[in-house]
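Structure first, then comments.
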Amino acid sequence: MINTLTPSEFPNPDEIEPLDFLVVAPHPDDAELGMGGTIMRMIDQGMRVGVLDLTSGEPTPYGSMETRIRETAAATSVMKLTWRGNAGLVNRGLENTLEARERIASYVRCLRPRWLFAPYYHDAHPDHIAATALTEAARFHAKLSKTDMPGPRHHPERLYYYFCIHLRLAVEPAWIVDITEQWERKMEAVRAFDSQMVTGRPTAPPTLLDRIRHEGEHWGRIINRRYGEPFATKEPLALNSLRDLI
Ligand SMILES: [Zn+2]
C-alpha cells in the first residue's frame, strides 16, 4: 500500500485488481470526514476501495508534513483501504489544469475503478471546487486513446459526490447510507487527524468532533437509523433492485 504524502507512483495495472470505487479527496481527511463510514461499510461487504488524496493538505495552522503523514497512515489503517495514494498537487493551489487532469486520469486508468466519488460541487474552499472539476474532467480524460498516459483506457461508469463542505448549506442529498455499524470506526479515522480536528480548536462544547457526530446523527435520523452519510448525484441513480432500500 502506498501511504505517504509525496507523489505516488502510478500502480501497475497488471499487478493490481480493479477497484470497485475510488474516492478523490482534495486533502487527506476529506474522504474520512465526507464518507469514511460508507468506505468502511463497503470494505466490510468485500468491496475494493481506494482513496486518492490530491495534495498533502499542508501547510495548516497546527499540522506539519510529518504529523500529516503519520495521521494519514493511522486513518488508512483504521479504514483498511485497498489502496491510498497522493497525487502530489499543490495544497491551496489546486487548479483544473490539463497537467493535473492527466495526472488524476492516469491513476484512474491504472486503478480502473467502477465508480468515482468527488467532493460536492458547491463549496467555499477553492481546492474543493477544483478537485470536483478535476475529477469530472479526469473521468472523461481517462478514456482517451492515443495518449502518453499510463494504463489502459478506462471510463468509470458513475460519478457521485460526497459532502465535506465549507459552507453552511441546507443540502438535499440524493441518498443517505446507514453507517451506524461503522460510526465508531469513522470517528477513530477522523480523530487520527488530531492536528486538524483537536489541536488548537475550542474545547467548549460543541467541539468540532461533537459537530461531526451531530451531523452523522442528523442524517441518520432522516433515514430512521442512528448515523448516516449523505451523497449527491447529477445523473439519476440506476438500481439493480429495490431490495436494499430502507
Ligand atoms: Zn479539504
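Whatever order the structure lists them in is the order used to number ligands and atoms, beginning at 1. Just so it is clear, the values below take in all heavy atoms, side chains as well, and ignore hydrogens, waters and symmetry mates. Remember, predicted model here, so these are calculated numbers, not experimental data.
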Task: Criterion side chain to side chain donor-acceptor pair (under 3.5 Å) on S56 and N91, from CA distance to verdict - done: CA-CA 6 Å; S56 67; N91 183 50; 5.4 Å; no
- [ ] Report yes or no: does D127 have an N/O/S atom closer than 2.8 Å to the Zn ion (ligand 1)?
- [x] no
Task: Output field: ring centroids Y120/Y162 closer than 6.0 Å - done: no
- [ ] Let me see the working for R68 and D29 under salt bridge (charged side-chain N to carboxylate O under 4.0 Å, His left out), right down to the final yes or no.
- [x] CA-CA 9 Å; R68 203 65 174 256; D29 73 8; 3.6 Å; yes
Open item on the list: Go through it in stages, so that I can follow the logic: the residues are R101 and E136, the test is salt bridge (charged side-chain N to carboxylate O under 4.0 Å, His left out), and I'd like the CA-CA distance, side-chain angles, deciding distance and then a yes or no.
Closed with: CA-CA 9 Å; R101 190 185 307 167; E136 290 173 343; over 6 Å; no
- [ ] Could you check which N/O/S atom of H27 is closest to the Zn ion (ligand 1)?
- [x] ND1
Open item on the list: Please determine whether C164 has a backbone or side-chain N, O or S atom lying under 2.8 Å from the Zn ion (ligand 1).
Closed with: no
Task: H125 near the Zn ion (ligand 1) via N/O/S, less than 2.8 Å - done: no
